[in-house]
Amino acid sequence: MQEFNRTYLWGRDVKYRMGLYTTAAVFYKAVVSALLGEFSVDSWTMLEMLLVSFLFAFAETVIFPRGKSWGEAAMGRRAALLAVLANVVYIGGALVFDWFPGVPAWWAAVMIAVLELGLAALWYALWLENRRDTRLLNQNLQHFQQET
C-alpha cells in the first residue's frame, strides 16, 4: 500500500506540473496568435501541448524527485539538464507540430528568449524549494537533538 500511495502522489505531482506547463504553453500560443491577428487556439494544438507538457513534467520529476536534496553543484547540473530538456521538448514540439505558423524569424528569437526567462523562473523556484527543504530538515534535526 505504501508503494501505491507513493506512486499516487508522484502522479498527482506530474499532473500538477503538466497542467501548469500546458496552461503556460496555451496562453503563450494565444498571445502570439492574437498578435498575428488570429483569436483562437486549435483543440488539436492544445492536445499536442498537453502531451509535450506531460513528457516534460514526467522528466522533471525524474530529474528532481520530491524529497531529495542536492548540493549546489549537483543542483546546477540537474537544472542545466532540465533547461536543455525544456528547450528540446518545447522548441522541438513547436517545430514538429507547427504551433506558430507564420512567425517571422526575429519573433522566434523573442519567443526563445521568453522560454529562457521562464526556465530561469523555474530554476529559481526549484532552488527556493531546495533551500526551504534544507532549512526545514536542519530545524527538525536541531529539535531532535534538543529532545535527546
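Nearest heavy-atom pair, M75 versus F64, reported as atom, atom and distance to 0.1 Å: SD-CE2, 3.5 Å. V62 approaches R78 most closely through the heavy-atom pair O-NH1, 4.3 Å. Looking at every heavy atom in both residues, A83 comes nearest to L119 through O-CD1, 3.8 Å.
Interatomic distance, CG of L9 versus CZ of F4, reported as 9.5 Å (0.5 Å rounding). Distance check: E129 CD to Y124 OH gives 13.5 Å after rounding to the nearest 0.5 Å. Note that CZ of F56 is 4.0 Å distant from CG of L82, once rounded to the nearest 0.5 Å. In this structure, CG on D133 lies 11.0 Å from CG on L128, to the nearest 0.5 angstrom. Atom-to-atom distance recorded for N138:CG and H143:NE2 is 14.5 Å, nearest 0.5 angstrom. How far CD1 of I112 is from CD1 of I91: 4.0 Å, rounded to the nearest 0.5 Å.
A single hydrophobic cluster is seen to contain both L55 and M49, as judged by linkage of ILVMFWY side chains at heavy-atom distances under 4.5 Å, directly or through other members. Follow the hydrophobic side-chain contacts under 4.5 Å out from L36 and you reach V114 in the same cluster. V89 and L47 are members of different hydrophobic clusters when ILVMFWY side chains are connected at heavy-atom separations under 4.5 Å. Cluster annotation: L35 and V110 are assigned to the same hydrophobic cluster (Ile/Leu/Val/Met/Phe/Trp/Tyr, side-chain heavy-atom contacts under 4.5 Å, transitive). Tracing side-chain contacts under 4.5 Å through hydrophobic residues (I, L, V, M, F, W, Y), one never reaches M18 starting from L122; they form parts of separate clusters.
S33 pairs by the side chain to side chain donor-acceptor pair (under 3.5 Å) definition with K29, not counting sequence neighbours. For F27, the side chain to side chain contact (heavy atoms under 4.5 Å, CB included) test picks out V31, with sequence neighbours left out.
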- Query: How far apart are the C-alpha atoms of F97 and T45, what are their side-chain angles, what is the distance that settles it, and do they pass the side chain to side chain contact (heavy atoms under 4.5 Å, CB included) test?
  - Reply: CA-CA 8 Å; F97 297 119; T45 298; over 6 Å; no

- Task: With side chain to side chain contact (heavy atoms under 4.5 Å, CB included) as the test, would you mind laying out the steps for I63 and L85 before giving the verdict?
- Result: CA-CA 10 Å; I63 295 169; L85 184 64; 4.2 Å; yes

- When you look at W107 and V32, which way does the side chain to side chain contact (heavy atoms under 4.5 Å, CB included) test go after all the steps? CA-CA 9 Å; W107 187 261; V32 170; 3.7 Å; yes

- Given side chain to side chain contact (heavy atoms under 4.5 Å, CB included), test L20 with T23 step by step and report yes or no. CA-CA 5 Å; L20 181 67; T23 301; 5.8 Å; no

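More than 12 heavy-atom neighbours from other residues, nucleotides or ligands sit within 6.0 angstrom of CZ on F100. Atom CD of E147 is surrounded by more than 12 heavy atoms from other residues, nucleotides or ligands within 6.0 Å.
Using bins of under 30°, 30° to 60° and over 60° for the plane-to-plane angle, the ring pair F54/F58 lands in the tilted bin.
Residue pairs meeting the salt bridge (charged side-chain N to carboxylate O under 4.0 Å, His left out) criterion with at least one member in residues 34-57, sequence neighbours excluded, do not occur. Among pairs with a residue in residues 53-63, those fulfilling side chain to side chain donor-acceptor pair (under 3.5 Å) read W10-T61, R17-E60, Y21-E60, T22-S53, S53-Y90, at least two apart in sequence or across chains. Residue pairs meeting the salt bridge (charged side-chain N to carboxylate O under 4.0 Å, His left out) criterion with at least one partner in residues 1-11, sequence neighbours excluded, are E3-R6. A side chain to side chain donor-acceptor pair (under 3.5 Å) check over residues 111-121, counting only residues at least two apart or in different chains, returns the pairs N87-E116.
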